[in-house]
Amino acid sequence: MKLTEDQVRDGLARLTDWELDPDTPAIRRTVRLPDFSAAIALVNEIAQAAEQADHHPDIDIRYNTLHLALSTHSEGAVTDKDMALAARVDELVP
Ligand SMILES: C[C@H](O)[C@H](O)[C@H]1CNC2=NC(N)=NC(=O)C2=N1
């Protein structure tokens with residue numbers, strides 16, 4: 001389900017450190033880990049959650065820092081699936 005900008009902003013209030021990028025549109029979160037292997041461990045956990053949800057984030061890995069973006073490619077929009085996976089990611093971040 002496509003969300004309006006207001007619905008996305010309401011949802012972000014219940015998440016940790018996610019921001020709306022209205023230009024893409026997508027929601028984004030940067031996560032800094034202690035080192036590269038901790039970053040990769042988190043990527044692997046997120047990958048499992050993504051496969052379970054059949055919904056996949058864009059992940060940019062920069063040494064110990066992950067830049068995560070969630071949008072629903074088929075809709076060209078942020079949807080409830082993105083908000084749900086973001087909440088799951090928040091649970092996985094150590
Ligand atoms: C066939 C499969 O369900 C689709 O390709 C899914 C897979 N993961 C996806 N992930 C994201 N972020 N957007 C999609 O539109 C999408 N589509």
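Every number for a ligand or one of its atoms is a count from 1 in the order of the listing. It should be emphasised that the depicted structure is a prediction, and the values quoted were computed from it without experimental measurement.
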Subject >> side-chain contact (heavy atoms from CB on, under 4.5 Å) between Leu12 and Met83, intermediate numbers included >> reply: CA-CA 8 Å; Leu12 292 185; Met83 305 310 281; 4.0 Å; yes

Original post:
How about atom 11 (C) of ligand 1: does it have a protein heavy atom within less than 4.0 Å?
Top reply: yes

Original post:
Are there protein heavy-atom neighbours of atom 5 (O) of ligand 1 below 4.0 Å?
Top reply: no

Original post:
Any N or O on Thr72 sitting closer than 3.5 Å to an N or O of ligand 1?
Top reply: no

Subject >> Polar contact flag for Ser74 and ligand 1 (N/O pairs, less than 3.5 Å) >> reply: yes

Subject >> Heavy-atom nearest neighbour in the protein, as seen from atom 16 (C) of ligand 1, with distance rounded to 0.1 Å >> reply: His55 ND1, 4.3 Å

**OP:** Note the single closest protein heavy atom to atom 17 (N) of ligand 1, along with its residue, its atom name and the distance in Å.
**Re:** Asp54 O, 4.8 Å

Original post:
Is there side-chain contact between Pro57 and Val89, with at least one heavy-atom pair below 4.5 Å?
Top reply: no

Subject >> Under 3.5 Å donor-acceptor, Asp90 side chain and Thr16 backbone >> reply: yes

Subject >> Residue portion contacting ligand 1 (non-hydrogen atoms closer than 4.0 Å) for Ser71 >> reply: backbone

Subject >> Worked check of side-chain contact (heavy atoms from CB on, under 4.5 Å) between Asp17 and Thr30 >> reply: CA-CA 8 Å; Asp17 290 345; Thr30 296; over 6 Å; no

**OP:** Would you mind listing every salt bridge (charged side-chain N to carboxylate O under 4.0 Å, His left out) that reaches into residues 79-89, with sequence neighbours excluded?
**Re:** Arg88-Glu91

**OP:** Give the single entry among His73, Glu51, His56 that approaches atom 13 (N) of ligand 1 most closely by any heavy atom.
**Re:** His73

**OP:** Apply salt bridge (Lys or Arg N to Asp or Glu O under 4.0 Å) to Asp58 and list each qualifying residue two or more places apart in sequence or on a separate chain.
**Re:** none

